[in-house]
Amino acid sequence: MDELLSTTHPRMFSLQKIVEISYYNMGRIRLQWSRIWEVIGDHFNKVGCNPNEDVAIFAVDSLRQLSMKFLEKGELANFRFQKDFLRPFEHIMKRNRSPTIRDMVVRCIAQMVNSQAANIRSGWKNIFSVFHLAASDQDESIVELAFQTTGHIVTLVFEKHFPATIDSFQDAVKCLSEFACNAAFPDTSMEAIRLIRHCAKYVSDRPQAFKEYTSDDMNVAPEDRVWVRGWFPILFELSCIINRCKLDVRTRGLTVMFEIMKTYGHTYEKHWWQDLFRIVFRIFDNMKLPEQQTEKAEWMTTTCNHALYAICDVFTQYLEVLSDVLLDDIFAQLYWCVQQDNEQLARSGTNCLENVVILNGEKFTLEIWDKTCNCTLDIFKTTIPHALLTWRPTSGETAHPPPSPVSEKPLDTISQKSVDIHDSIQPRSADNRQQAPLVSVSTVNEEVSNTKSTAKFPEQKLFAALLIKCVVQLELIQTIDNIVFFPATSKKEDAENLAAAQRDAVDFDVRVDTQDQGMYRFLTSQQLFKLLDCLLESHRFAKAFNSNNEQRTALWKAGFKGKSKPNLLKQETSSLACGLRILFRMYMDESRVSAWEEVQQRLLNVCSEALSYFLTLTSESHREAWTNLLLLFLTKVLKISDNRVSTRLRIQPCAGVPGRRPAARELSEADQAMPRLHCCLCRTRGPALSSSVVLSFLLLTQLCSLTSNSPGDSPPEFPQH
């Protein structure tokens, strides 16, 4: 080493003699040679890292020649001499930062692969280790050559000599992962992910090779070796790409990860899925750590959102296997998503819940349905924005309203200039998946931050969180409606009711859906009541907020939700509409006779409460918002069959109305309310039952008065036009 220390004229005589000695002693038995190389190899480690490039180049070139000679001899199974012999290349690549030397090392390894691939056994580990170090380099030529050689190994060498390379299969996948994570070369990153996808095909086509593989450090059952040595490294490295890379690369990695699950998941054992989803849920765990707010918002809106839908797709595809393994974790993850201060992710959580239930509900057991209803109930309870009713301005703070004035009335609930909190909700796409916003941060957060108000930052953050909870509430209402009655069914029904009212012709024939695609028939009465309680709690909260004009004014002046007073009109009407649909459906369902008494009591209570509230409304815009709700209620009452009314309520003939019967005197007031309304509505055909909202109000007034009439009173006359 001393004669190599000269910076100007280093003497290489001894180094050259060491190379010759190594060459001539290579024919010794492997055990003797390994002891000799232990000393000589350490010397090459030091010489290869010499600051003088001439010395280092000579050392690397000498190593190349010796390695080519050594590899020609091949290697017997269960020996590791090649691994020891090629280790100096790995050491030099790790310690020497000279671009020239690093490039030379990569070229030497590439030459070995191209000429001696058939003879390499344990040396593959060193080769992939060198390429792994080259993958993170910033020199394009080094990265390009290393990646080309790696691609050659994966596509051609693996195809011909897979049993010989199986020991280094994990190293190959890890090497490709490192190429994918080099942000300086995005094209290489995408191609590396494609090669990882190609590796999955080897695992699928050659499972027996993994089962037969054994090593001294491997204590795994034969049936699990294909998972430990094959599938797990691939999926784990893809998860690393997702957690480390920029948006376009991690999105591609996420897509490939779930493509592999969907394509080859049928070969996975149940306990493999448990290990796999520990990896998958790391995507969300990454967001539970401290980080910059902007990065977290982008991550949630893109990667987490994508992963959530993909998880639900995999669950649907392999429901029979995953229902016992994954369902609780999925519900927990959906619950976590709706708790985040990110509108897109929160809405996606409710949409995924809906997709999972609609696609798999027919196969759910009673226990799974109970879990589903409990999950929905938990999300409902934790996302009710109670702070909307309790928030107060900080003491001493004087808030000035935005420039747009709103005329205030003491009893006014919803004025025409007030704005619905849910107006910022983006529509769902055709496949029921939320469309991603055009910007990385949520729409709700932007709206609050851009509002010209005197609200302080903590209040802005609170307002943003409250807006998201309002969004989730409305999404959950829609989710329950879609689960119970199937998507778009309720909207279609509302449109038909409105069209019939506009034609002044209501179809009195009772129509029963022959193709019921909703999950109503799979839910027990108690489960439906549980969902109904969620809806009514949401309705009552929205009603309380809309009625609290003082609180809404205070929030408006503080800068909450734009330039007009906020309201929860959509939540108020849609929650009640869904609840009424469920109750009327159960009321006419012959298979739920045992629950009819409770259904009728609940239906009368809900209708009485709703109508009493409606009659107190003074704002025309608020009343107009109830139009579809009124039409729904009236249509449902009209479509109650005569047999259902007479059988359940035992009523007698009513003069002037063929086939109609008034309530018997012995019935209670609650029992008389529904048949009296039914009788009253059926007497008002043609022009009397028009689309006039005023007429609807009068009808509802009649219903409210029915419950206070004595049992002997005759059905009230309905005013004629």
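Each residue takes its place number in the sequence, starting with 1. Reckoned from all heavy atoms, side chains included, excluding hydrogens, waters and symmetry mates.
- Sequence neighbours left out, the pairs with a member in residues 104-133 that pass salt bridge (charged side-chain N to carboxylate O under 4.0 Å, His left out) are D103-R107, K125-D171.
- Expressed to the nearest 0.5 Å, how far OG1 of T301 lies from CD of Q340 amounts to 11.5 Å.
- The ring-ring contact (aromatic ring centres under 6.0 Å, His included) search around F147 returns F179, not counting sequence neighbours.
- Listed by first and then second residue, the ring pair (Phe, Tyr, Trp, His ring centres under 6.0 Å) pairs involving residues 101-142 amount to none (not counting sequence neighbours).
- Salt-bridge formation is not detected for the pair E38/R35: no Lys NZ or Arg NE/NH1/NH2 atom is positioned less than 4.0 Å from an Asp or Glu carboxylate oxygen.
- Between the side chains of Q116 and N119, at least one donor N or O sits under 3.5 Å from an acceptor N or O.
- Among residue pairs with one or both ends in residues 252-271, those qualifying as ring pair (Phe, Tyr, Trp, His ring centres under 6.0 Å) are W227-Y268, W231-Y264, W231-Y268, Y268-W273; sequence neighbours excluded.
- Applying the ring pair (Phe, Tyr, Trp, His ring centres under 6.0 Å) definition to pairs two or more places apart or across chains, those involving residues 343-370 are F364-W369.
- Residues R347 and E343 are paired through a salt bridge, judged by an N-O separation under 4.0 Å between the basic side chain and the carboxylate.
- Within the cation-pi definition used here (under 6.0 Å to the ring centroid, within 45° of the axis), R206 qualifies as a partner of F162.
- A salt bridge does not link E90 with K83: none of the charged nitrogens is closer than 4.0 Å to a carboxylate oxygen.
- Screening residues 138-150 for salt bridge (charged side-chain N to carboxylate O under 4.0 Å, His left out), with sequence neighbours left out, gives no hits.
- Note on E259 versus K262: no salt bridge recorded, every NZ/NE/NH1/NH2 to OD/OE distance being 4.0 Å or above.
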